[in-house]
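First the structure, in the form of structure tokens, and then the observations on it.
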Amino acid sequence: MNTHHERRNYFRILDQVGVKYSVLGESAEVTAETSGEIELSLGAMLGNIDQEFNRAVNILWSESPSAADAVGLLNRKLSLLATRLLEAGDYSNAGYDGTTASISGCGMAFHCDHPLAVETRLNVSVALKPSRIVVNFTASVVACERASDIPARNYLLRISIDENCHAAREQLVQHVVQRQSARLGIGRGANRGGNHRA
């Protein structure tokens, strides 16, 4: 089976997200996923602008790599500031459990309270930070193992996103890339700052 090979083709990050999920009954109708927004918030607008910005910088890169690099650094600085301002966002009043999840374009792993059988079908909603975009998709349980290191949440749940959930997969890939870029920017900024002395 090429599912294992496919999973290796996606980058994976650990990130704080909001998660809601429910078990699909055998007679439940599986609907196609949609990707929407919790609200037209500052974070959502920044996420949309970021996508348009990336397209524009890709065009600029072919004409002037040094200008594209400078604009990219400025955008990274603004993204870091926006992340700091919006990172404290709380999804609890929207019914989302805040959790640390391992995320890729084909699946997720996160801690949960109750065990689920392998191949259990799920309806999943993930609220991303700082964009506050909600990604909805259907998935299957790959594994659910007891995790004694977190008393409040006793199980580590691993899910595989359904292959027909193309929009959700693409949204998660974009999120992983953007978060990874922001973290690399933080690291570079810290290294540069450490080399300068007053």
Side-chain angles (χ1 to χ4, degrees), residues 1-22 24 29-62 68 71-72 75-76 78-80 82-83 86-87 89 91 94 96-110 120-143 157-185:
M1 186 176 261
N2 60 0
T3 307
H4 181 51
H5 175 69
E6 178 193 7
R7 285 196 183 125
R8 292 187 173 199
N9 292 335
Y10 288 99
F11 288 107
R12 187 172 288 276
I13 61 165
L14 277 175
D15 200 15
Q16 285 286 325
V17 294
V19 177
K20 279 197 298 193
Y21 65 89
S22 59
L24 289 171
E29 186 176 321
V30 178
T31 57
E33 98 287 318
T34 57
S35 180
E37 297 170 2
I38 297 174
E39 59 187 15
L40 191 57
S41 62
L42 176 61
M45 289 187 284
L46 287 171
N48 292 336
I49 290 168
D50 224 22
Q51 290 178 5
E52 292 176 28
F53 174 84
N54 289 337
R55 283 192 289 269
V57 167
N58 286 338
I59 294 167
L60 179 61
W61 189 266
S62 62
V71 171
N75 183 59
R76 194 175 303 148
L78 292 172
S79 292
L80 292 174
T83 299
L86 297 171
E87 222 163 34
Y91 296 110
Y96 287 88
D97 290 331
T99 188
T100 300
S102 174
I103 306 170
S104 77
C106 67
M108 291 179 62
F110 54 91
T120 299
R121 304 278 297 125
L122 301 175
N123 220 349
V124 184
S125 292
V126 180
L128 303 174
K129 295 181 180 183
S131 64
R132 298 182 71 85
I133 289 173
V134 175
V135 183
N136 301 307
F137 55 86
T138 52
S140 295
V141 174
V142 174
L157 177 63
R158 299 178 194 276
I159 61 173
S160 176
I161 301 169
D162 289 352
E163 287 185 18
N164 65 340
C165 296
H166 305 295
R169 284 174 166 236
E170 180 61 30
Q171 186 71 59
L172 290 174
V173 167
Q174 287 179 14
H175 176 74
V176 167
V177 169
Q178 288 172 359
R179 294 295 278 168
Q180 188 65 23
S181 296
R183 288 172 185 176
L184 288 172

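As the structure is a computational prediction, the values presented were derived from the model and not from experiment.
- Taking the charged nitrogens against the carboxylate oxygens, R121 and D162 do have a contact shorter than 4.0 Å, which makes a salt bridge.
- E170 and Q174 share a side-chain donor-acceptor pair at under 3.5 Å.
- Separating the OG1 atom in T120 from the CG atom in L157 is a distance of 9.0 Å, to the nearest 0.5 Å.
- In this structure, the side chains of V126 and V124 come closer than 4.5 Å at one or more pairs of heavy atoms.
- Of the inter-residue distances, the one linking I13 atom CD1 with S102 atom OG reads 8.5 Å to the nearest 0.5 angstrom.
- The side-chain heavy atoms of I161 and C106, taken from C-beta on, include no pair separated by under 4.5 Å.
- Residues N123 and T138 have side chains that never bring a donor and an acceptor to within less than 3.5 angstrom of each other.
- Residues V173 and G105 come closest through the heavy atom pair CG2-CA, 3.6 Å.
- Closest approach of R12 to M108, counting heavy atoms only: NH1-CA, 4.5 Å.
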Q) Would I133 and Q171 count as a side chain to side chain contact (heavy atoms under 4.5 Å, CB included) if you check the C-alpha gap in whole Å, the side-chain angles of each, and the deciding distance to 0.1 Å? A) CA-CA 9 Å; I133 289 173; Q171 186 71 59; 4.1 Å; yes
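- To the nearest 0.5 angstrom, S104 atom OG is 8.0 Å from R169 atom CZ.
- When all heavy atoms are compared, the tightest approach of F137 to I159 is CE1-CD1, 4.1 Å.
- Annotation: the span from K129 atom NZ to D15 atom CG amounts to 8.5 Å, rounded to 0.5 Å.
- Atom CD of Q16 sits about 9.5 Å away from atom CD1 of I103, to the nearest 0.5 Å.
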